[in-house]
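Chain letters run A, B, ... following the sequence lines, proteins first, then strands; residues in each count from 1.
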There are 2 protein chains.
Amino acid sequence: MDLRHLRYFIAVAEEANIGRAATRLHISQPPLTRQIQQLEEELGVTLFIRTPRGMELTPAGELLLDEARNIRSLVEQATERTQRAGQGRLGRLDVAIFGSAILDVIPTLLLAFRNRYPDVKVVLHNMTKNEQIEALRQRRISVGFNRMLAPHEDIGTLLVTTENLLLAVPTEHPLARQEIVRFADLAHHPLILFPSGARPSFIDKIIGLCAERGFEPRVSQEVGDAVTAVALAASGFGVCLVPTSATTLQFPGVVYRRVHEAPPGFFVDLTCIYRKADQSPILAAFLETIEAEREARSQAGSSHSAR
Amino acid sequence: MDLRHLRYFIAVAEEANIGRAATRLHISQPPLTRQIQQLEEELGVTLFIRTPRGMELTPAGELLLDEARNIRSLVEQATERTQRAGQGRLGRLDVAIFGSAILDVIPTLLLAFRNRYPDVKVVLHNMTKNEQIEALRQRRISVGFNRMLAPHEDIGTLLVTTENLLLAVPTEHPLARQEIVRFADLAHHPLILFPSGARPSFIDKIIGLCAERGFEPRVSQEVGDAVTAVALAASGFGVCLVPTSATTLQFPGVVYRRVHEAPPGFFVDLTCIYRKADQSPILAAFLETIEAEREARSQAGSSHSAR
DNA sequence: ACAACGCAATACCCTGGAGGTATGATCCGG
DNA sequence: CCGGATCATACCTCCAGGGTATTGCGTTGT
């Protein structure tokens, strides 16, 4: 049996007349007669009673009509869904994020993606940098978000956003009272650094920046993530350099200060990583959305990184 | 798209290798390659990633695999069900009965049919004789059960069972005390007759039998059905001739008596009626069951009509 | 009663496409 | 760098689906 048989069968059943059905199907009447005969023969069932006025369905034919319509709609649905999946408009995207990245741009990004591709289910996973690389290679995720990534041969990167750094200062801290905080001031106060995981990381960046200015920071704590760092700062453990988006965290007991006279490179990138070999149209759509969003933000003038 | 395409697609997806899939499908590899290419082209979607080790499904391909398996099983189910319907093993049979016929043979008959054809849904309708004829012609029912049917050109009949007649007598009635009740005795006692509906009916049969013996019965009541008649007899309204199966009704206050020296024709047929033009295999199966059951009953020796 | 019409079925032809064989293009492992 | 495996391409064959012409049959209309 063939989908053609079913299509023809439905037409004949609905027209109750082979001639009209043939016209509707844009074929001539005799082949249609034969196809119906074939179908009946193959099933071993009489589907129509031939009357001088046309074709009348038998009970078995009635049943097949139901089933055939069902199958037809399922086939239509299958092609349509497969096409949408092929265009990246239907499916699933597994995304890895890390703690503090969720603070700023990622929620708006995911929202924008969801609006453009409502039938793509986005699944979030919390992963460290190295876990992300591994998960990408094992295809457990399709994209990851990261900072300070060492390059890998098979992993592509796309810059999502660039954020300036701010200093989180306890309210009672001497630096909180200064009108202007200078980078060099960091030499005299204990610093909270993060993340404590895989190197190179944000920690190395800050140590590097300090080295450029000829001092080595006094490290009071190394913690896992920005949230913990700011929380510790709020408790007076020390000051802490954070991406601008961390201002989302408004702990009592902590204020944010711009840092003047900072060395070049006093910012941090958020990048998106993916398998270079990944051909998935959903991934392509996601990366495209990232670029479109970055575009939109920069055109809006007051981009986050300029805050 | 074609069912062939789906079948081939499933095979390739499952084998992850065109060559092996071709073997499994009993065709050679190149046509299979082409069919897959066609399918991809028609959908406008890449379904497989070609690797040096075989064919790997894309996400869109994964989705289509699900859908295709679904469609395949639906097609299989459709053919199987249609075939069963064509053999009368699946479907629906609308059966008309009238009041008292339900007392005896019809329940066992329906039970036997249900056992043989468990997937045929039997729907019962209560109808009078004339309603049955009309409903048959309008295809609202496929079979009816009846007694004393006037012949119709387009309606076929099949004898279901023949039942002797018994006399239902009030317990306190003089005839209840006689050791032997003779047919001629009926001349002296008021009779309850039924059914009061369309003629000719059971009533005419009894009046005819009496006429053969040269008397006209004294009619105390005409009622609609056997159950009412026996109930009235139990209340002392008179005596009443009923088919043997009415002994199912064991009212207090009524006893059943054989009638001796009855004229020939002192029995009543239960017949099954159907449209002669009806080709439905379900009807055929039902009529066949009726004959098989009658056969079984007569072979069992103590047939109901001999009770 | 017979002609005219409508419908499905049959006879016969033609062509597109499914399937076959042979071969090429790539990539991997030894 | 070669042998083997895999998918793709080229080209041929042949069947089956589609077309035209016609028949068969029952109903209808005059």
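Between the side chain of A:Lys129 and the backbone N or O of A:Ala150, no donor-acceptor pair lies under 3.5 Å. A donor-acceptor distance shorter than 3.5 angstrom exists from the side chain of A:Thr271 to the backbone of A:Asn146, with no hydrogens or angles considered.
Each side-chain hydrogen bond (donor to acceptor under 3.5 Å, both in side chains) pair with one or both residues in residues 109-123 of chain A, not counting sequence neighbours, appears once here: A:Arg84-A:Asp119. The side-chain hydrogen bond (donor to acceptor under 3.5 Å, both in side chains) contacts involving residues 53-68 of chain B comprise A:Arg81-B:Glu67, where partners must be two or more places apart or lie in separate chains. Residue pairs satisfying the ring-ring contact (aromatic ring centres under 6.0 Å, His included) criterion with at least one member in residues 269-290 of chain A, sequence neighbours excluded, are listed as follows: A:Phe113-A:Phe286. Counting only residues at least two apart or on different chains, no salt bridge (Lys or Arg N to Asp or Glu O under 4.0 Å) pair has a member in residues 272-284 of chain A. Judged as a ring-ring contact (aromatic ring centres under 6.0 Å, His included), not a single pair has a partner in residues 60-83 of chain A (not counting sequence neighbours).
A heavy atom closer than 4.0 Å to some atom of DNA chain D occurs in B:Gly19, B:Gln29, B:Pro30, these being the qualifying members of residues 19-32 of chain B. Contact check of residues 34-42 of chain A against DNA chain D (heavy atom, cut-off under 4.0 Å) returns A:Arg34, A:Gln35, A:Gln38.
Extent of DNA chain C lying under 4.0 Å from chain A heavy atoms, first and last nucleotide in 5' to 3' order, is C:dC7 to C:dC12.
Under the 4.5 Å side-chain criterion, counting only non-hydrogen atoms from C-beta, B:Leu3 is not in contact with A:Val75. Using a 4.5 Å heavy-atom threshold, the side chains of A:Ile97 and A:Asn126 count as touching. Residues B:Glu291 and B:Leu287 are not in side-chain contact: their nearest non-hydrogen atoms beyond the backbone lie 4.5 Å or more apart.
To the nearest angstrom, C1' of D:dC7 lies 16 Å from CG of B:Leu47. Taking atom CE on B:Met55 and atom P on D:dA5, their separation rounds to 19 Å, with Å as the unit.
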Reading 5' to 3' through nucleotides 23-30 of chain D, protein heavy-atom contacts under 4.0 Å coded B for base, S for sugar-phosphate only, - for none: ---SS---

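Residue-to-nucleotide proximity on DNA chain D shows that, of A:Tyr8 and B:Ala16, the 5′-proximal contact is made by B:Ala16.
Using a 4.0 Å heavy-atom distance criterion, A:Phe48 is classed as making no nucleic acid contact.
Take B:Gln138 and apply the side-chain contact (heavy atoms from CB on, under 4.5 Å) test, not counting sequence neighbours, and it matches B:Glu134, B:Arg140.
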Hey, can you pull the donor-acceptor pairs under 3.5 Å for the side chains in residues 28-37 of chain B, sequence neighbours left out?
from	atom 1	to	atom 2	distance (Å)
B:Gln29	NE2	B:Thr33	OG1	3.0
B:Thr33	OG1	B:Gln29	O	3.4
B:Gln35	OE1	B:Arg4	NH1	2.9
B:Gln35	OE1	B:His5	NE2	2.9

Identify all side-chain donor-acceptor contacts of residues 8-22 of chain A below 3.5 Å with residues at least two apart in sequence or on another chain.
from	atom 1	to	atom 2	distance (Å)
A:Glu14	OE1	A:Arg24	NH1	3.2
A:Glu14	OE1	A:Arg24	NH2	2.7
A:Glu14	OE2	A:Arg69	NE	3.3
A:Glu14	OE2	A:Arg69	NH2	2.9
A:Glu15	OE1	A:Arg20	NE	3.4
A:Glu15	OE2	A:Arg24	NH1	3.0
A:Asn17	OD1	A:Gly19	N	2.8
A:Asn17	OD1	A:Arg20	N	2.9
A:Arg20	NH2	A:Glu15	O	2.7

